Amino acid sequence: MSDKNTKRTIVTLPGDGIGKTVLESALQVLEAAGFIADYVEGDIGWEFWRAEGNPLPRRTLDLIAEHKIALFGAITSKPKDEAFEELAPELKSLGLIYASPIVGLRQHFGLDICLRPCHSYHGNPLNFVRRGRDGIFEEPSVDVAIFRQNTEGLYGGVEWSNPPDDVHDALMTHPKFSQNFGDTPIDELSISTRIFTKKATERILRAAFEHAKKYEYKSVTVCEKPNVIRETSGMMYKMAQEIQAADFPGIELWNTNIDAQMMWLTKNPENYDVIVAGNMFGDIVSDGFAGLIGGLGFAASAQYNTDTGIGVFEPTHGSAPRYAGYATSIVNPIAMIEAACMMLDFIDEQAIAIKIRKAVAEIIDEGVIRTYDMARLTGTADVIHRGAASTVGMAEAIIARL
Ligand code: NAI
Ligand code: MG
């Protein structure tokens, strides 16, 4: 719980490209909404990789550890070889390997809970529309909160190509492995593991149920594949049944398979409330739902650890390098503003978050101020002359409404 009597310090992590622009707009909105805080800027991103050989310097980790709450714009990542090419000449002999600072943040602080809300704003021209009975178009109102386990599973990094002998020997003890892969030469094997621990699984499930309870959602859906991936998905669903029965009897527990869920996205997205999944399926299903509510200009995520209270809040989109050089920034700041609202929820400043979301909703519903994506224009620099609002223009419209 926050202590509202002491002024907070928020770490800002603008990062690269449009991350800087959207973060600046979000900070202006926060200020206009009456959120009082000090800000310290943390170094993160490509610039620091090139100059220092580390896109996530130690001093940035220390800042986050000290202040606990960070607002993150976006960073640029490039493939290994390209990353090496761009290193400062004096660093090239040091054997440095580029690693994503986002993954670095997650691992360093154990940010195991990832929350990605997807709610449609009334009047958003990018909202999903489907043809209903009698050919009449329907615009279902989507309001889901996706809880993605953020540190384990298929993205846990335990993987090999040409695995060492002891790993191979261990795998050979599994009848399915020896039967199906036993004849494959070791150097022709690539293996990525999908590890779920009870501890992290329980934490993501409880986070999902608690969110459902707090915000009065009627159901929690486990979106995995327990009939096929019996051990990991199976464990998650079984634990969900136990947790629901013991502690959340008022909330319905549903179970969908990730593949079927993606098919149902366009059929009945309004039926889902809170969704919980492992790392990869959570990544997939959250992008799927984000597509129904306007895509990258609207999708935000929170990554946090409930034990330490450390949280990093960010838009889902990247640094969009192509758009970063425009004299007038055209990208939509709403995803970053939504990320800032999630930060406010997290630190118990919900009244301010409600105020900001209301202003955003009004501007969208009015339909006068629209960034290029909302106007369905191709993102060239001249969209401003064709009636699209700039990043700053959108932020100012929201501020005026506050
Ligand atoms: P991206 O998300 O940066 O941009 C893809 C396209 O989406 C853009 O070209 C633009 O058309 C649109 N877009 C993105 N943000 C928008 C906004 N706020 N408003 C309107 N339209 C928007 O993804 P891309 O181009 O694949 O990657 C660019 C760089 O960003 C890469 O280096 C990538 O590694 C990095 N990246 C970083 C992420 C992060 O920091 N969380 C996430 C995804 C990519
Ligand atoms: Mg993704």
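For ligands, and for the atoms within them, numbers begin at 1 and follow the listed sequence. As the structure is a prediction and not an experimental result, all values here were calculated from the model.
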Charged N to carboxylate O below 4.0 Å: is that the case for Lys214 and Glu210? no
If the threshold is 4.0 Å, N to carboxylate O, is there a salt bridge linking Lys238 and Glu242? yes
Would you find a donor on one side and an acceptor on the other, under 3.5 Å apart, between the side chain of Asp112 and the backbone of Asn150? no
Heavy atoms only, cut-off 4.0 Å: how does Arg322 contact ligand 1, side chain, backbone, both, or neither? side chain
Among all protein heavy atoms in this structure, tell me which lies nearest to atom 41 (N) of ligand 1, with the distance rounded to 0.1 Å. Ile102 CD1, 3.2 Å
Below the 3.5 angstrom mark, is there an N/O of Ala74, backbone or side chain, next to an N/O of ligand 1? no
Do the ring centers of Phe313 and Phe346 come within less than 6.0 Å of each other? yes
Taking 4.0 Å as the limit for heavy-atom contacts, which would you say applies to Pro333 with ligand 1: side chain only, backbone only, both, or neither? neither
May I ask which of Ala320, Gly379, Pro101 has a heavy atom nearer to atom 3 (O) of ligand 1 than the others do? Ala320
Just need the protein heavy atom nearest to atom 6 (C) of ligand 1, so name the residue and atom and give the distance. Leu296 CD1, 4.2 Å
Starting from atom 14 (C) of ligand 1, locate the nearest protein heavy atom and write down its residue, its atom name and how far away it is, to 0.1 Å. His317 CB, 3.7 Å
Take the angle between the ring planes of Tyr121 and Phe298 and call it parallel below 30°, perpendicular above 60°, tilted in between. tilted
Checking a contact table here: which protein heavy atom is nearest atom 12 (C) of ligand 1, and how many Å away? Tyr372 OH, 3.9 Å
Need the ligand 1 atom indices (1-based, order shown) with element for anything under 4.0 Å from a heavy-atom of Thr316. 42 (C)
Residue portion contacting ligand 1 (non-hydrogen atoms closer than 4.0 Å) for Asp16: neither
Residue part near ligand 1, for Glu314, under 4.0 Å between non-hydrogen atoms: side chain
Would you confirm whether the ring centroid of His174 sits within less than 6.0 angstrom of the ring centroid of Phe181? no
Atoms of ligand 1, numbered as shown, that sit under 4.0 Å from any heavy atom of Thr76: 32 (O)
So is Ile75 polar-close to ligand 1, meaning N/O to N/O under 3.5 Å? yes
Could you tell me if any non-hydrogen atom of Ile18 lies under 4.0 Å from any atom of ligand 1? yes
Measuring centre to centre across the rings, with the benzene-like ring taken for any Trp, is Tyr237 within less than 6.0 Å of Trp254? no
Looking only at protein heavy atoms, which one is nearest to atom 28 (C) of ligand 1, and what is the separation? Pro321 CD, 3.5 Å
Please list the nearest protein heavy atom to atom 2 (O) of ligand 1 with its residue and the distance rounded to 0.1 Å. Gly318 N, 2.7 Å
Decide if the gap between the ring center of Tyr372 and the ring center of Tyr323 is smaller than 6.0 angstrom. yes
Any idea which protein heavy atom is nearest atom 19 (N) of ligand 1, and the distance to it? Asn332 N, 2.9 Å
Ser319, any N or O under 3.5 Å of ligand 1 N or O: yes
Is it true that the NZ or CZ of Arg194 lies under 6.0 Å from the centre of Phe281's six-membered ring and within 45 degrees of the ring axis? yes
Geometric N/O contact Tyr323 with ligand 1, under 3.5 angstrom: yes
